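First up is the structure itself, then whatever we jot down about it.
A note on names: the letters A, B, ... follow the listed sequences, proteins ahead of strands, and every chain is numbered from 1. Everything numeric here is computed off the predicted structure, so don't read it as measured data. As a basis for the values below, the full set of heavy atoms in this structure was taken, side chains included, without hydrogen atoms, waters or symmetry mates.
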Amino acid sequence: MDVTVGMILGFLGIALAVALPGVGSATGVGLVGSAGSGVVTEDPDKFGQILLLQVLPGTQGIYGLLAGFVLMMKLGVFSGNVLRLTTFEGFLVIMAVLPIAIVGWLSAIHQGKVAAAGVGVVAKRPEELGKPVTFAAMVETYAVLAFLASLLLIMFGLPLKGVA
Amino acid sequence: MLGLESKYAYATGRVRVLETRLLDRGRIDRMIDAPDLEGALKVLAEAGYARAQLSEKAHPVIDDITAGEEERLAALIRETTPEPQLVDFITARWDFHNLKVMLKAKLHRVPPEKAWARHGTCDVATIKRAIEGETKDLPRHLAEALSAAKAAHDLHAMPETIDIAVDREMYRYLLARAKSLGIQYLVDLVQMEVDLFNLSVYFRSRRMGRDRGFAAEAMVPGGKVSPMRLVASYEQPPEAVVASVAGTGYEALARQAAAALAEGRPLAELERLSEAVMWDRIRKARYVPLGPEPLVGYIFAKLHELKLVRLILVAKLSGMSRESIRERLRDVHV
């Protein structure tokens with residue numbers, strides 16, 4: 001199979017969509033996990049509430065994987081007949097994944113910081129769990145918007161034909 | 001991107017729980033209102049003080065309790081901080097304290113106090129040997145403090161000169177340590193301690209009738225207010241110092257201490273006001289969500305709490321009335 005520059009760019013797009021939000025989520029979840037471990041060391045009963053906060057920054061990684069998955073289908077990765085993209089089409093693919101790649105990566109880290117701060121609220125006032133969860137969920141909004149933008153661009157904004 | 005926030009996340013989590021176990025105003029009041037030492041110890045036991053139950057004997061119990069908590073604090077720092085130097089930063093204070101206590105006992109021929117800290121980085125026996133003249137095992141910063149204190153004492157044979165000389169070396173050392181750790185909040189706190197120490201030297205030197213040169217020599221450089229700026233008003237009326245600290249947040253403290261000096265009242269108020277200024281800064285760490293600030297703030301808050309506990313327990317032991325204890329703790333920040 002002849003590999004075109006467009007194909008390389010297309011696969012780079014898949015990698016960006018999956019990797020950057022994944023790194024962001026791992027960082028965010030790790031941060032909440034560290035702060036949560038500190039609380040649980042002193043007060044093991046708070047494990048359940050902290051776990052809820054910890055999963056929040058993990059969603060960006062899932063959005064990135066979904067965007068990458070749809071892109072793989074679009075490029076024919078699963079059928080074994082990968083579309084031979086032109087260079088121009090390759091760049092379009094990269095543009096389409098940038099919203100979830102960048103916003104997913106950074107929002108996961110910021111959501112991790114908000115959720116880790118929320119761990120402190122749970123440590124002192126466990127009955128107020130809903131408030132830190134709401135604060136952290138607000139950051140999620142922008143990850144969801146970016147995911148929607150990338151998904152719509154991949155599904156409807158990429159007239160991919162490839163080279164003959 | 002996360003840096004210190006990530007490094008101190010675990011410590012922040014632990015501190016958030018431990019902050020809820022610090023003695024609050026209610027518990028302090030219950031300790032004061034307790035009919036005797038036994039009753040005050042019960043309150044401490046409820047608050048999680050590990051050794052507060054061993055209550056048959058008097059002095060050893062108080063030392064045991066505070067030493068037990070110091071040990072827990074040092075262990076917490078060791079377990080949570082990624083910076084081993086931060087442990088030394090705390091334990092070095094205890095070394096300097098021990099040096100002061102033992103040197104005063106030796107030079108003034110009084111029996112050594114029981115009140116030495118047990119968890120310093122340098123063991124008590126080494127400090128004792130150094131005071132007797134065998135300084136080879138003594139860490140450099142303590143050896144410097146020892147020779148500075150002896151030299152100061154040779155000039156003015158008063159216990160207060162030992163305190164000032166050792167404290168000056170301690171703050172010099174802590175400031176250098178704080179800067180090498182790269183934690184800005186810690187540097188700010190130590191600079192504030194340095195400023196408050198310098199202000200204390202300023203007023204106490206004037207009260208003792210020392211000259212400007214003595215005060216300037218005793219002060220530590222590196223705070224937010226330079227010693228030169230402070231001593232500039234040394235020969236003027238006491239209230240002139242307020243202008244020297246304008247814009248630093250120490251104005252109210254300087255004004256009240258200057259009034260006490262002018263009217264010949266005791267300078268005890270100075271210590272209380274200094275604590276209030278420090279406490280306001282320490283309290284701010286509670287609003288920092290992540291980073292080294294919560295841990296550093298907790299360390300300072302716990303040290304402050306141990307001072308309070310020791311004060312109340314000793315007062316209870318000596319049979320002091322509730323009113324007198326309250327008066328001594330007036331406006332103490334808990």
### Test item: side-chain donor near acceptor, Q184(B) and D188(B), under 3.5 Å
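On atom types as modelled, these side chains qualify, holding a pair under 3.5 Å.
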### Task
Check the side chains of S107(A) and E140(A) for a donor-acceptor pair under 3.5 angstrom, ignoring hydrogens and angles.
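Absent: no donor and acceptor within the cut-off.
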### Atom pair CG (L86(B)) and OH (Y8(B)), whose distance is rounded to the nearest 0.5 Å
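So the gap between those two atoms works out to 5.5 Å.
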### Message
Taking the ring centre of each residue, are Y171(B) and F96(B) less than 6.0 Å apart?
### Response
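Not under 6.0 Å, so no.
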### Query
Of the listed residues (G33(A), A117(A), S37(A)), which shares the most heavy-atom pairs with chain B below a 4.5 Å separation?
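The option with the most such pairs is S37(A).
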### Message
I'd like to know which of G30(A), S34(A), G118(A) tops the heavy-atom pair count under 4.5 Å against chain B.
### Response
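Of the options given, most contacts go to S34(A).
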### Query
chain A: which of T12(B), L18(B), T80(B), V15(B) shares the most heavy-atom pairs with it under 4.5 Å?
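Option with the top pair count is L18(B).
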### Query
Under 6.0 Å from the CZ atom of R125(A), do we count more than 12 heavy atoms belonging to anything else shown?
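Count not over threshold, so no.
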### Toward chain A, the part of S6(B) with a non-hydrogen atom under 4.5 Å
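Both parts, backbone and side chain.
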### Query
Under a 4.5 Å heavy-atom cut-off, does chain A meet the side chain of E79(B), its backbone, both or neither?
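Nothing of E79(B), per the 4.5 Å heavy-atom cut-off to chain A.
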### Query
Is chain B contacted by the side chain of T41(A), its backbone, both, or neither, given a heavy-atom distance below 4.5 Å?
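Contact with chain B involves the side chain of T41(A) alone.
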